[in-house]
Amino acid sequence: MEVEFELSQQLTGHESQVRCAAVLGDGTLVTGGLDSQVIMWRRPSPTEGFAHHKTLSLHSDFIYALAASHAEPGCFYSASKDRTAMKVDKDGNPCMQFEGHEGPVCSIFELGSKLVTGSWDGTAKVWDLSNGQVLHTLDAGAHAVTVAALPTGEIVTGSQDKSLRVFKGAECSHKVAEAHSDIIRAIAASSNHLVTASNDCNIKLWSFDGLEMATLAGHQSFVYGVCYSSDSQSIVSASDDCTMKVWSVSDMQIKQSITHAGTVWQAISLPNGDLVSCCGDSTVRVWSRDPERMAPEAERTTQHEIAEQAAIAAAQKGSSSVPMDTATDISQMPSIVGKKNGEIKCFKDGGTVFAFSWNAGARQWDKIGEVMGQEAPQKKFYEGDAVFARGEYDFIFDVDMGGGAGMRKLPYNTGENPMLVAEMFCNREQINKANTDQIRQFIIQNAGGEGATATGTPTGYGAGPATGSAPSSAPSEPALGIFPVMQTAVFKDGKFEALQGKILEFNGQVDEACRLDPVEVNHLTEGINKLKTGVTTELRNVEKEMITVKLGQWPKEKLFPVVDLWRLYLVHPTSSDLFKGSDRGTGLIMQVLGYLASDLNGPLGLCSSRYLANLFIYQTNKYAAFDKKDLILKGIEPALSSTNKHTKVACTSLLLNIAIVLHESSQPPKAWDVTSAERVASLALDFLGKAGAEDEDAKHRAVLAIGSLLPRDRQGKRTVAAQCNAAGIAAKLGPLEAKLGANASAELKSLLA
C-alpha cells in the first residue's frame, strides 16, 4: 500500500491568510498572502527543512499569485490586488514592474521571453520581459481571469463567465463556452491533458482540443487551486471546504484527503514529491511521504486534531467542511484510546459523521451529536464585479451610499470573514477605511440567519434610507483614504530558540526557590514550541502557568527574556484570558510599566515597551489596555527620551495604537475624547521636536498617530490641529515624506488646513 502524505513542516510568518506559493529553480519556496507580504523560505542544507529567509514588501495590497522564472532560476514573479505584477531577483529585489491592468492581478506565469497575467478586469495580458511592455491584451471573458500555458506554447484562460479559451498569439483559436457551471478558479497542464478547478465544487480533465475527459467530484465547496504532482501521476486540489485532496490520474479517484484548520487556497508540488499547502489560518504546511521528512508524531497528531476540531466547529455553524471522507469508521472506535480528557474526534457511521468526546475517567468515547450544519438558506444570485465573484450568496444587502451616489450591493456568505468582506467593500467603493469595522459589525448583526432584517448601516459614507435591508445614517466626514490608520503597530516576530536559550541560561543562575525543575523546563519547552507553531495550537494550563506565573517570580535583572516571551504570548489568542475578570489585567499592566520605568535604556525596557504595544492585537486585551491609557501614556513619556531607538519605536507604536482605538471608540453618537487626543498629540509632537536623525521609524509612527487623531478632531473644535500648527508640524513633514509617501503627507496638510 502506498504511503500517505504526512505533515512535514508548519511554516509561520504570515500575519493573515496565505493565498499562494511557488517553488523556484534554486529550491527556494516563496509564499504570499493577505498581509501583502511575500516570504522567501530556504533550506539551510539539502537534508533540512525550510527556514525563514526574508520577508518582502513588494506590493501595497494582497498577494494573489506567485510564479517561478524558468529562464533565471531563483527569480520569480508576484501578482497583487494593487493591479500590478512584479519581477523579483533571486535576492528578493524588485527589478521590473508591470502596470496596465484595470483590476487586481490574480494569475501569472512565465512563457519563454514573455510574461502572462490574468486580472479581475476580464483580460489576460502578454508582456515583453525585455522591456516590460504589453504585447497583447486577450479578451478572456468576465471579471477574474486565471491563466496557464499548454505544452504547445498556447495560452489557456478561464474566467467568471465559465468559459475556457485557447489563444495563439493574440487570437482566440478555441473556446469551450460552458466548461463549468460556475467560475473557473485555476488551470494546470501536464504533457497529456489539462485540469481545471471551479466554484461548482468540481475538477475537470480536458484534452488539449477541448474535449471533456472526466469530472472529479468530491469537494464540498469551492475549489480554489489545482496542480499536478511532480511525477504527473496525481492531481492535487485545494478547496474552501478546508481540505487538500490527492487524486489518482489513472482512475480519477481520491487517494487522500487532508483536513486543514481553514480554507486551503492553493497547493503546489515540490521536485522531491512533497506538497505545500497555503491555508487561511496564516500557515504554510509541507507534506511528505518520506518518513525521514515527516514531522514528529506529536506535532502531526496535534495538527490533525486542531484541523478536525475546526472542521467540526465549522460544520456546526453551517459550513460544508464536514470531514466525511477523513472520519474514522465507527467500527474502529473500541480500539482507539483518547489522548486527553475532552478530546474531540469524528467517527463515521454509515453515511453520517458523529462527534465524540473522550471520557478519561470511564475510558470511553461519549457521543456529542451528529456533525451537521444548519439548513442552508436560500441563495441569492449576484452578477459579480471587480471585487466580489459572480455567483450565489446567502445575503445581498442594498446600501444607499448617499449624496446621489445611489445604491451599492454588498454580497456575503455565511462563514466568510466579515472583516475581509468589509475591507473588500471599502476598496471597491473607494471609501475611507475607517468604515471597515462599522461595516464588519453591520454584517455580523444582520447576517444572523435567513431573512435577517438589517438594522443599521455604518456611518461615514451613506445618507438617507436604504432600500431593502440596509438603512443608512448621515455622513460624518469625506473619505480621504489614508487617515485614520486602522492597522495597529505590533511586534509579532521573535527568535524563539535564542529566547529559550537565554531563559534556560538564567534558570541556572536564579535562586533555587525560583528555579524551574526538569519537569517544569519540559512544560516550558512544550509551551514555547506551541507558540512558535502558531495561533491555532492549544496550550495546556501547566504550560501557560510556566510562561505567565512561574517565570514572573525571577529577579528583575533576569527578566528581560521573560517579558519578551510574554510579548510573544500576547500573539496567541489564549492571552486574552489574562485580561478578563474584574481587574482586566490591571496588575500585570502596572507590573510591566514598572519594568519599563526601571530600565528605560536597557533590554528590559525595550521588551516591556514592545509588550505594551502587543496588547493591541486582540480585542479583549486591546480594550483592557485602552481603559488604562492614562497610566500607559504617563508610563511611556520618559521612555520616549530613551537612548534606545528601538524602545522609542515601540513607544510611538503605542501612541499610534491608542490613537486608533480613540477613533474606533468614538463612532457617533459616542463623544470624542478630546482630553486623551490632546495628550497623545502632545506626546507625539514633543517627540518629533527632539527626535534625532536615527529615529526615522519612530518619527514616522508619531506622525501616523497624529494623522489618526485628525479626522475626529476635524469634526469638533480642532484642538489637535491647533496643537500641530502651533508646533509647526507641516514644516517637519518634508524629511519624512519619503517614508510617509506624498499622498499621506498631502492628506495630513489637508486635515490641518
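Side-chain atoms are counted along with the backbone in the values below, which use heavy atoms only and exclude waters and symmetry mates.
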Side chain to side chain contact (heavy atoms under 4.5 Å, CB included), that's the test. Do M590 and L631 meet it? Break it down for me. CA-CA 8 Å; M590 293 299 296; L631 291 172; 3.5 Å; yes

Test side chain to side chain contact (heavy atoms under 4.5 Å, CB included) on L683 and L640 and set out the steps. CA-CA 8 Å; L683 290 173; L640 287 165; 4.2 Å; yes

Test S676 against K629 for side chain to side chain contact (heavy atoms under 4.5 Å, CB included), laying out the working first. CA-CA 8 Å; S676 294; K629 59 184 176 295; 3.1 Å; yes

Verdict with reasoning, W120 to Y64, per ring-ring contact (aromatic ring centres under 6.0 Å, His included): CA-CA 11 Å; W120 287 9; Y64 281 147; 5.4 Å; yes

Hey, mind stepping through L612 and N657 against side chain to side chain contact (heavy atoms under 4.5 Å, CB included) and telling me if it holds? CA-CA 10 Å; L612 294 168; N657 294 346; over 6 Å; no

Check against side-chain hydrogen bond (donor to acceptor under 3.5 Å, both in side chains), E678 and T719: CA-CA 7 Å; E678 291 176 350; T719 56; 3.0 Å; yes

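Residues L499 and L568 are in side-chain contact: their nearest non-hydrogen atoms beyond the backbone lie under 4.5 Å apart. When side chains are defined from C-beta on, L709 counts as touching W672, because their heavy atoms get closer than 4.5 Å. Looking only at side-chain heavy atoms (C-beta outward), Y618 and S575 come within less than 4.5 Å of each other. H700 has its side chain within reach of L704: a pair of non-hydrogen atoms, C-beta onward, lies under 4.5 Å apart. Looking at heavy atoms from C-beta onward, L685 lies in side-chain contact with I729 at the 4.5 angstrom threshold. At a threshold of 4.5 Å between non-hydrogen side-chain atoms, the residues N614 and W566 do not count as touching. Put simply, the side chain of C607 does not reach to within 4.5 Å of the side chain of R567, judged on heavy atoms. By the 4.5 Å heavy-atom criterion applied to side chains, T647 and L600 are not counted as neighbours.
Partner I547 forms a side-chain contact (heavy atoms from CB on, under 4.5 Å) with one of I503, V562, L539 and no other, that one being L539. For the side-chain contact (heavy atoms from CB on, under 4.5 Å) criterion with H59, the lone passing option out of Q97, M86, Q37, R83 is M86. L688 pairs in a side-chain contact (heavy atoms from CB on, under 4.5 Å) with only one of the listed residues (I706, T652, L733), which is I706.
At a threshold of 4.0 Å, the pair E664-K622 counts as salt-bridged, since one of the basic side-chain nitrogens sits closer than that to a carboxylate oxygen. Taking 4.0 Å as the cut-off between side-chain N and carboxylate O, E696 and K645 do not count as a salt-bridged pair. For R610 and D564, the salt-bridge test fails: no basic side-chain N is under 4.0 Å from an acidic carboxylate O. The pair E545-K550 fails the salt-bridge criterion, with no side-chain N (NZ, NE, NH1 or NH2) lying under 4.0 Å from an Asp/Glu carboxylate O. One finds no salt bridge joining R701 and D697 here, because no Lys/Arg side-chain nitrogen approaches an Asp/Glu carboxylate oxygen to under 4.0 Å.
Partners of D82 according to the salt bridge (Lys or Arg N to Asp or Glu O under 4.0 Å) rule, which considers only residues two or more places apart in sequence or in another chain, do not exist here. For R19, there are no salt bridge (Lys or Arg N to Asp or Glu O under 4.0 Å) partners, not counting sequence neighbours. With sequence neighbours left out, K628 forms a side-chain hydrogen bond (donor to acceptor under 3.5 Å, both in side chains) with T586. In this structure, T548 has no side-chain hydrogen bond (donor to acceptor under 3.5 Å, both in side chains) partners at least two apart in sequence or on a different chain. Partners of S16 by side-chain hydrogen bond (donor to acceptor under 3.5 Å, both in side chains), not counting sequence neighbours: none found.
Note that the OG atom of S653 and the CD1 atom of I636 stand 9.5 Å from one another [nearest 0.5 Å]. Rounding to the nearest 0.5 angstrom, the gap separating the CZ atom in R679 from the CD atom in Q723 is 11.0 Å. Distance check: L655 CG to L633 CG gives 6.5 Å after rounding to the nearest 0.5 Å. Expressed to the nearest 0.5 Å, how far CG of D673 lies from OG of S665 amounts to 7.5 Å. Summarising the geometry, atom CG belonging to N541 is positioned 11.0 Å from atom CE belonging to M546; distances are rounded to the nearest 0.5 Å. Note: L34 CG to S282 OG = 8.5 Å, rounded to the nearest 0.5 Å.
If you check the side chains of S576 and N621, you find a donor sitting under 3.5 Å from an acceptor. No hydrogens or angles considered: nothing links the side chains of T620 and K580 as a donor-acceptor pair under 3.5 Å. Between the side chains of W265 and Q17, at least one donor-acceptor pair of N or O atoms lies under 3.5 Å. Looking at Y623 and Q619, their side chains never bring a donor and an acceptor atom within 3.5 Å of each other. Under 3.5 Å, the side chains of S642 and N601 contain a donor-acceptor pair of N or O atoms.
Considering all non-hydrogen atoms of both residues, K556 and L604 come closest at CG-CD2, 3.5 Å. Nearest heavy atoms, S641 versus K690: OG-NZ, 2.6 Å. The two residues Y393 and I396 make their nearest non-hydrogen contact at CB-CG1, 4.2 Å. The minimum heavy-atom distance between I617 and L570, with the atom names listed, is CD1-O, 3.9 Å. Of all heavy-atom pairs spanning F579 and G585, the tightest one is CD2-CA, 3.8 Å. Here the closest non-hydrogen pair linking K530 and E543 is NZ-OE1, 3.1 Å.
In terms of modelled atom types and a separation under 3.5 Å, the side chain of T12 and the main chain of K532 share a donor-acceptor contact. Between the side chain of S80 and the backbone N or O of F62, at least one donor-acceptor pair lies under 3.5 Å. Side-chain atoms of R712 come within 3.5 Å of backbone atoms of S666 as a donor-acceptor pair (strictly under, hydrogens ignored). No side-chain donor-acceptor contact under 3.5 Å links D281 to the backbone of A261.
Residues F397 and F395 place their aromatic rings such that the two centres sit under 6.0 Å apart.
Within a 6.0 Å sphere centred on NZ of K732, other residues, nucleotides and ligands contribute more than 12 heavy atoms. Counting heavy atoms of neighbouring residues, nucleotides and ligands inside a 6.0 Å radius, atom NZ of K54 exceeds 12 of them.
For residues 544-564, the set of pairs meeting the ring pair (Phe, Tyr, Trp, His ring centres under 6.0 Å) definition, not counting sequence neighbours, comprises F506-F560.
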